[in-house]
K.L.:
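Got a structure for you, written out below as structure tokens; questions coming shortly.
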There are 2 protein chains.
Amino acid sequence: MDTKTKAGAGALPLNTILDGDCIDEMRKLPDCSVDLVFADPPYNLQLKGHLHRPDNSRVDAVDDAWDSFASFQTYDQFTRAWLAEARRVLKPNGAIWVIGSYHNVFRLGAALQDLQFWILNDVVWRKTNPMPNFRGKRLTNAHETLIWASKEEASRYTFNYEALKELNDGVQMRSDWVLPICTGHEREKDENGEKAHPTQKPQSLLHRVMIATSNPGDVVLDPFFGTGTTGAVAKMLGRDYIGIERDADYRRVAETRLARIRKYDKAALEVTRPKRAEPRVPFGQLVERGMLRPGEVLTSLNGRHAAKVRADGTLVADDVKGSIHKVGAALEGAPSCNGWTYWCFKRDGQTVPIDLLRQQIRAEMQ
Amino acid sequence: MDTKTKAGAGALPLNTILDGDCIDEMRKLPDCSVDLVFADPPYNLQLKGHLHRPDNSRVDAVDDAWDSFASFQTYDQFTRAWLAEARRVLKPNGAIWVIGSYHNVFRLGAALQDLQFWILNDVVWRKTNPMPNFRGKRLTNAHETLIWASKEEASRYTFNYEALKELNDGVQMRSDWVLPICTGHEREKDENGEKAHPTQKPQSLLHRVMIATSNPGDVVLDPFFGTGTTGAVAKMLGRDYIGIERDADYRRVAETRLARIRKYDKAALEVTRPKRAEPRVPFGQLVERGMLRPGEVLTSLNGRHAAKVRADGTLVADDVKGSIHKVGAALEGAPSCNGWTYWCFKRDGQTVPIDLLRQQIRAEMQ
DNA sequence: TAAATTGCTGAATCGGAGA
DNA sequence: TTCTCCGATTCAGCAATTT
């Protein structure tokens with residue numbers, strides 16, 4: 001087992017599966033210690049014929065209003081208890097994903113909001129191959145819902161926008177994800193060759209979740225670990241995981257599964273970075289380095305405006321002086337303006353944005 | 001006005017728009033008198049400042065007073081009050097549809113369950129043309145959620161299975177509906193030519209709802225009538241409607257609109273059939289789904305170049321990074337390149353184009 | 001303050017070919 | 001020549017918890 005602990009975070013049981021109830025086990029973890037929680041809690045499907053109280057005694061009359069209300073209450077209590085622990089364990093800039101169906105997802109979402117999580121998106125997992133509706137009494141239940149929320153409104157959560165855009169062929173990723181359910185070789189089997197877990201999630205779903213909202217080296221906690229899809233994808237993608245699972249059979253399947261997994265190589269884990277993360281280049285440096293001369297005239301992208309470069313890296317146009325951004329915004333009457341892509345200069349008879357010069361400097365900095 | 005009353009149901013104000021608060025007006029309606037409720041309540045968006053597009057144009061946000069609530073608690077009280085009245089007014093075998101976004105839909109769903117409604121499906125309206133995410137900080141919010149619920153678990157609700165199957169080219173209708181947002185001529189305008197209502201729903205959505213879960217002659221109640229899409233579609237499809245709207249401007253637009261509508265104007269509704277094109281498959285999906293592994297090496301069709309797959313579905317070769325098309329073009333010194341037919345991988349000792357994998361995914365999507 | 005950030009649809013307009 | 005038609009192009013607009 002490639003267990004280790006994270007320096008400075010107490011004693012995090014990284015890359016292990018904790019044996020026990022998720023609320024009890026989370027209580028043992030320190031505050032503000034994990035980056036991401038992924039949770040696939042029980043769906044509360046047992047509401048139909050057989051209703052059980054917390055002590056496992058059976059509720060008889062299902063059409064009784066009081067009983068029915070009580071069952072939602074019980075589910076809500078459980079939900080709010082584990083969500084509160086998950087929130088405590090999350091770092092201030094951490095985030096959570098929960099997944100559910102119409103049976104439980106409204107309870108989950110309302111609980112998240114009441115506990116001061118801040119919902120960022122709800123995401124629809126649209127199944128390419130759902131179970132048909134055999135009786136023709138309802139619509140084919142062809143999707144499940146994920147909720148992505150940060151610990152609090154002010155959290156500076158992780159979102160790898162550019163990587164997701166790449167995953168989606170260059171257009172920004174939407175809130176509806178089309179992915180097949182988990183079948184075939186990917187589906188974990190028990191000793192009898194039967195499916196080991198009734199609701200195993202596809203690795204593709206977790207892959208997208210982790211690429212989108214975590215970075216290599218992050219700690220991912222799954223309080224309902226099951227057969228370990230979260231751990232498997234975390235390990236492949238170079239994240240650390242903590243699993244909690246109280247069922248010994250599921251734990252055994254997950255241990256075997258995780259032992260087989262290999263991490264992808266480092267280059268493969270690199271994803272497209274945002275421009276914000278690239279080193280800042282002051283406009284003045286272009287002037288200092290002689291790429292633009294003081295007195296040279298820049299023109300706006302739309303050709304309607306012109307401004308003169310000054311020796312200190314500011315621009316002057318008519319009665320406006322200031323940074324490339326400020327002058328551009330003023331001339332356009334706009335609240336803001338990205339001067340790098342707005343202002344152009346002449347090179348070889350062509351008019352090109354000054355951002356080209358910044359890219360040259362950045363390339364030299366590599 | 002084609003007002004009439006329904007025999008034996010007290011004095012139902014059929015095919016009229018009631019002026020007032022929806023809770024007050026519903027209180028005046030008799031118990032167990034309507035077949036279907038469609039409700040598009042305020043979403044309780046919690047918007048702070050102003051948002052601009054990259055081109056500096058301002059996003060016309062929903063900042064109307066009717067959408068603003070002091071807290072979740074206030075919103076919940078309002079929600080439970082109108083839902084309770086709606087339930088009282090519903091016939092025993094009646095049903096309700098509510099629509100919302102992640103801001104409010106979890107409150108709605110939990111309230112429905114607590115009030116003994118029985119959820120039948122949640123339905124995802126996937127927008128073909130949603131508003132993009134301009135800041136690149138979240139996923140494009142490309143869907144809204146509808147909840148379909150019967151008055152109680154024992155209700156023998158209406159579901160026109162065969163009609164929906166027909167609407168869906170002969171295959172069972174799923175819980176995700178792909179429909180465009182309301183634009184163009186369908187969008188109601190005020191005297192100034194501005195959109196009359198910020199959140200007008202497309203007729204195609206109401207058409208599907210009513211075909212699915214009501215019959216000609218049924219009474220459909222909409223407590224948040226707005227500019228009257230529910231009434232318009234009800235009238236076209238030979239259902240009776242009752243609208244409630246407290247805003248005089250919205251009522252006026254709705255009255256004018258409804259006067260224009262003719263029953264069974266099927267031609268006007270036919271335009272919303274989705275077109276079937278070859279579905280786009282992002283290359284990233286091959287990676288997410290494990291058909292190609294991050295770190296795996298692809299070779300060019302001519303055997304002269306190689307590139308490594310990254311976890312976000314980009315390729316890296318020498319000093320070029322980017323999409324399969326971009327990297328192919330760069331290596332060949334060509335202006336463009338179809339990466340699907342250019343890049344190959346090994347399978348069973350043979351080198352085959354990655355397009356084979358795309359074909360597999362498309363076959364699954366049928 | 002600096003600098004980053006948008007996809008799709010339907011209507012309107014424009015330009016070229018053919019009547 | 002002038003008009004019409006059609007395809008190509010441009011442009012406006014959309015429920016947003018947006019560093």
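No hydrogens, no waters, no symmetry mates; every other heavy atom, side chains included, goes into these values. So that the names make sense, note that chain A is the first sequence line, chain B the second, and so on, each numbered from 1.
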K.L.:
So, using salt bridge (charged side-chain N to carboxylate O under 4.0 Å, His left out) as the criterion, who are the partners of A/Glu153 when residues are at least two apart?
P.N.:
B/Lys48

K.L.:
Expressed in angstrom and rounded to an integer, what is the separation of B/Arg58 atom CZ from D/dA12 atom C1'?
P.N.:
17 Å

K.L.:
Take atom C1' in D/dA12 and the same atom in C/dT6, then report the distance between them in whole Å.
P.N.:
14 Å

K.L.:
Within the structure, does a side-chain N or O atom of B/Asn141 lie under 4.0 Å from either OP1 or OP2 of D/dT18?
P.N.:
no

K.L.:
Taking only heavy atoms on the protein side, list every residue of residues 161-173 of chain A lying under 4.0 Å from any atom of DNA chain C, sorted numerically.
P.N.:
A/Tyr161, A/Glu162, A/Lys165, A/Val171, A/Gln172

K.L.:
Would you mind reading off the distance between A/Leu315 atom CG and C/dA2 atom P, rounded to a whole angstrom?
P.N.:
11 Å

K.L.:
How would you list, by chain and number, every residue that makes a ring-ring contact (aromatic ring centres under 6.0 Å, His included) with A/Tyr161, sequence neighbours excluded?
P.N.:
none

K.L.:
Choosing from D/dA15, C/dT6, D/dT18, which nucleotide comes nearest the side chain of B/Ile181?
P.N.:
D/dA15

K.L.:
Under 4.0 Å, heavy atoms only, any strand: does B/His50 hit a base, just the sugar-phosphate, or nothing?
P.N.:
base

K.L.:
Do you see a donor-acceptor pair shorter than 3.5 Å between the side chains of A/Arg310 and A/Thr314?
P.N.:
yes

K.L.:
Of all the choices, C/dA2, D/dA16, D/dA15, which nucleotide is nearest to the side chain of A/Ser323 once you look at every atom?
P.N.:
C/dA2

K.L.:
Using a cut-off of less than 4.0 Å, is there contact between a side-chain N or O of A/His325 and OP1 or OP2 of C/dA2?
P.N.:
no

K.L.:
For Watson-Crick and G-U wobble pairs within 3.5 Å on both distances, what is DNA chain C written in dot-bracket notation, | included for inter-strand pairing?
P.N.:
.|....|||||||||||||

K.L.:
Under 4.0 Å, heavy atoms only, any strand: does B/Gly49 hit a base, just the sugar-phosphate, or nothing?
P.N.:
base

K.L.:
B/Trp125: which residues meet the ring-ring contact (aromatic ring centres under 6.0 Å, His included) condition with it, sequence neighbours left out?
P.N.:
none

K.L.:
Quick check: does any side chain N or O of B/Asp222 sit under 3.5 Å from a backbone N or O of B/Gly243, one acting as donor and the other as acceptor?
P.N.:
no

K.L.:
Can B/Asp55 and B/Arg53 be counted as an ion pair, charged N to O under 4.0 angstrom?
P.N.:
no

K.L.:
Just to verify, what does B/Thr229 make a side chain to side chain donor-acceptor pair (under 3.5 Å) with, not counting sequence neighbours?
P.N.:
B/Arg257

K.L.:
Of A/Lys326 and A/Arg174, whose closest DNA chain C nucleotide lies nearer the 5' terminus?
P.N.:
A/Lys326

K.L.:
Restricting to pairs with a member in residues 278-287 of chain A, which pass salt bridge (charged side-chain N to carboxylate O under 4.0 Å, His left out), not counting sequence neighbours?
P.N.:
A/Glu278-A/Arg362

K.L.:
Can you tell me how far C1' of C/dG7 sits from CZ of B/Arg280, to the nearest Å?
P.N.:
11 Å

K.L.:
Before accepting this row, confirm whether a basic side-chain N of the pair A/Glu270/B/Lys321 lies closer than 4.0 Å to the acidic partner's carboxylate O.
P.N.:
no

K.L.:
Just the table, please: protein N/O against nucleotides 8-11 of chain D N/O, every pair under 3.5 Å.
P.N.:
none

K.L.:
For B/Pro132 and for B/Val62, find the nucleotide of DNA chain D with the closest heavy atom, then tell me which residue's nucleotide is more 5'.
P.N.:
B/Val62

K.L.:
Could you tell me which residues satisfy salt bridge (charged side-chain N to carboxylate O under 4.0 Å, His left out) with A/Asp114, sequence neighbours excluded, listed by chain and number?
P.N.:
A/Arg80, B/Arg107

K.L.:
To the side chain of B/Thr128, which of D/dT17, C/dT9, D/dA15 is closest?
P.N.:
C/dT9

K.L.:
With distance as the sole criterion, do the side chain of B/Arg138 and the base of D/dT17 form a donor-acceptor contact below 3.5 Å?
P.N.:
yes

K.L.:
Reckon B/Pro202 touches a base, only the sugar-phosphate, or nothing at all at heavy-atom distances under 4.0 Å?
P.N.:
nothing

K.L.:
Where the side chain of B/Arg53 is concerned, which of D/dT17, D/dA15, C/dT6 is the nearest nucleotide?
P.N.:
C/dT6

K.L.:
Compare the minimum distances between each of C/dT9, D/dA16, D/dT18 and the side chain of B/Phe134, then state the nucleotide with the smallest one.
P.N.:
D/dT18

K.L.:
Give a yes or no on whether a donor-acceptor pair under 3.5 Å exists between the nucleobase atoms of C/dA4, that is its base, and the side chain of B/Lys137.
P.N.:
no

K.L.:
Answer with yes or no whether B/Ser101 presents, from its side chain, a donor or acceptor under 3.5 Å of a partner atom in the base of D/dA16.
P.N.:
no

K.L.:
Please identify each residue that fulfils side chain to side chain contact (heavy atoms under 4.5 Å, CB included) with A/Glu364, with sequence neighbours left out.
P.N.:
A/Arg289

K.L.:
Please measure how far the P atom in D/dC14 lies from the corresponding atom in C/dA4, and state the result in whole Å.
P.N.:
29 Å

K.L.:
Looking at C/dT6, C/dA4, D/dA15, which one has an atom nearest to any side-chain atom of A/Asn338?
P.N.:
C/dA4

K.L.:
Which residues pass the salt bridge (charged side-chain N to carboxylate O under 4.0 Å, His left out) test with A/Arg208, not counting sequence neighbours?
P.N.:
B/Glu288

K.L.:
Quick one: salt bridge (charged side-chain N to carboxylate O under 4.0 Å, His left out) partners of B/Arg358, sequence neighbours excluded?
P.N.:
B/Asp355

K.L.:
Between D/dA15 and C/dT5, how far is it from one P atom to the other, in whole Å?
P.N.:
25 Å

K.L.:
Is a donor-acceptor contact shorter than 3.5 angstrom present between the side chain of B/Asp40 and the base of D/dA15?
P.N.:
yes

K.L.:
Quick check for you: among C/dG10, D/dT17, D/dA15, whose closest atom lies nearest to any side-chain atom of B/Lys201?
P.N.:
D/dA15

K.L.:
What's the closest nucleotide to the B/Lys195 side chain, out of C/dA4, D/dA16, D/dC14?
P.N.:
D/dC14

